[in-house]
Amino acid sequence: MKKIFSYSAIALAGLIMVSCGSGDKKSESTIDHSNHNTEAPAMESATTEAAPASATSNTVTVESNDQMKYNVSELKVKAGELVSLTLKHVGTMKKEVMGHNLVVLKAGTDVAAFTEFALKAKDSEYIPTSQDIIAHTKLIGGGEEDKIEFTLEPGTYDFICTFPGHSAIMKGKIIAE
């Protein structure tokens, strides 16, 4: 009886070790995509590291997701011309849980101080009344989008998400040339 128990224990330990793997690499085959949008894996890889935009364009789409990320960290636009920016939340979570917006701040704005100020603006979905704001989208949840239009003078401008706790990660620069 002892032999059967010890063989069973060894077999079970071996099965656990094989199924857990070494922990060095994540296997894509262990991710269950059956309940997800087929575009989700591409979005995850596209937003793992926010990439700068390569070309200057005044019509821009920025995606946000349930992992609290924008898909870009830098946008280049033509100064003095109308910028049309669409924010798309490609995740599935509701805005009360994982809401995102995009707030374009005037050059030289203290982002940390502004973010702290925005936390007090819950009633206006974390968009405070401030002269530091050039433009902002509304707060959106999964599957929603919002479009804003604005014009910038030459310079570099910060953009952030003001939903509580997001601005440390969800931020970027707009360079108007």
Side-chain angles (χ1 to χ4, degrees), residues 37-40 42-177:
N37 182 333
T38 56
E39 293 179 9
M43 182 61 215
E44 288 171 9
S45 64
T47 58
T48 301
E49 293 182 32
S54 58
T56 301
S57 175
N58 281 35
T59 301
V60 184
T61 298
V62 176
E63 294 181 350
S64 60
N65 62 27
D66 288 341
Q67 289 74 39
M68 229 168 60
K69 294 181 181 181
Y70 290 130
N71 68 329
V72 295
S73 61
E74 183 179 284
L75 302 169
K76 291 186 179 182
V77 299
K78 295 175 185 170
E81 294 183 17
L82 188 67
V83 176
S84 178
L85 186 148
T86 301
L87 176 65
K88 292 177 81 170
H89 191 319
V90 297
T92 59
M93 298 174 90
K94 294 181 179 182
K95 74 177 181 180
E96 296 80 14
V97 178
M98 189 58 67
H100 300 309
N101 59 25
L102 191 145
V103 179
V104 181
L105 300 172
K106 287 184 178 177
T109 299
D110 181 339
V111 176
F114 179 85
T115 300
E116 191 173 317
F117 181 56
L119 288 175
K120 299 173 187 172
K122 182 179 181 182
D123 292 340
S124 58
E125 297 188 322
Y126 307 103
I127 303 291
T129 301
S130 171
Q131 294 180 353
D132 291 326
I133 298 174
I134 294 173
H136 66 83
T137 66
K138 65 182 181 180
L139 189 68
I140 60 174
E144 297 179 327
E145 64 181 63
D146 192 29
K147 181 178 176 181
I148 55 176
E149 294 182 328
F150 54 94
T151 304
L152 298 173
E153 297 299 318
T156 301
Y157 303 84
D158 289 299
F159 67 87
I160 61 171
C161 175
T162 59
F163 192 84
H166 290 197
S167 66
I169 299 170
M170 296 186 75
K171 60 185 175 182
K173 303 277 185 193
I174 300 176
I175 301 167
E177 301 173 321

Considering all heavy atoms, the nearest I148-A135 contact: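 Taking I148 first and A135 second, the nearest heavy atoms are CD1-CB, 4.0 Å.
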Inter-residue atom distance [X].[atom1] - [Y].[atom2], 0.5 Å rounding:
X: K94; Y: H89; atom1: NZ; atom2: NE2; value: 12.5 Å
X: F163; Y: T115; atom1: CZ; atom2: OG1; value: 14.0 Å
X: K69; Y: S64; atom1: NZ; atom2: OG; value: 13.0 Å
X: N65; Y: M170; atom1: CG; atom2: CE; value: 7.0 Å
X: T59; Y: E149; atom1: OG1; atom2: CD; value: 8.5 Å
X: Y157; Y: I175; atom1: OH; atom2: CD1; value: 11.5 Å

Any heavy-atom pair between the side chains of I174 and V77 that's under 4.5 Å?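 They are in contact (side-chain heavy atoms under 4.5 Å apart), so the answer is yes.
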Would K173 and D158 pass as an ion pair if we require N to O under 4.0 Å?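 A salt bridge is present here (some side-chain N lies under 4.0 Å from a carboxylate O).
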Ion pair check, E125 and K95, cut-off under 4.0 Å: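 Yes, this pair counts.
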Would you check, one step at a time, whether the test side chain to side chain contact (heavy atoms under 4.5 Å, CB included) holds for I160 with V111? CA-CA 8 Å; I160 61 171; V111 176; 3.9 Å; yes
Give the ring-plane orientation class for H166 versus H100, where under 30° counts as parallel, over 60° as perpendicular and anything between as tilted.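 Tilted: the ring planes of H166 and H100 meet at 30° to 60°.
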Would you confirm whether [X], through its side chain, and [Y], through its main-chain N or O, come within 3.5 Å as a donor-acceptor pair?
X: N101; Y: T137; answer: no
X: K106; Y: I133; answer: no
X: Y70; Y: C161; answer: yes
X: E81; Y: K78; answer: no
X: S124; Y: I127; answer: yes
X: N71; Y: V62; answer: no

List the steps, then state whether side chain to side chain contact (heavy atoms under 4.5 Å, CB included) holds for T61 with K88. CA-CA 7 Å; T61 298; K88 292 177 81 170; 3.6 Å; yes
Derivation of the side chain to side chain contact (heavy atoms under 4.5 Å, CB included) call for F159 and L85: CA-CA 12 Å; F159 67 87; L85 186 148; over 6 Å; no
Would F117 and D132 count as a side chain to side chain contact (heavy atoms under 4.5 Å, CB included) here? Give the steps. CA-CA 11 Å; F117 181 56; D132 291 326; over 6 Å; no
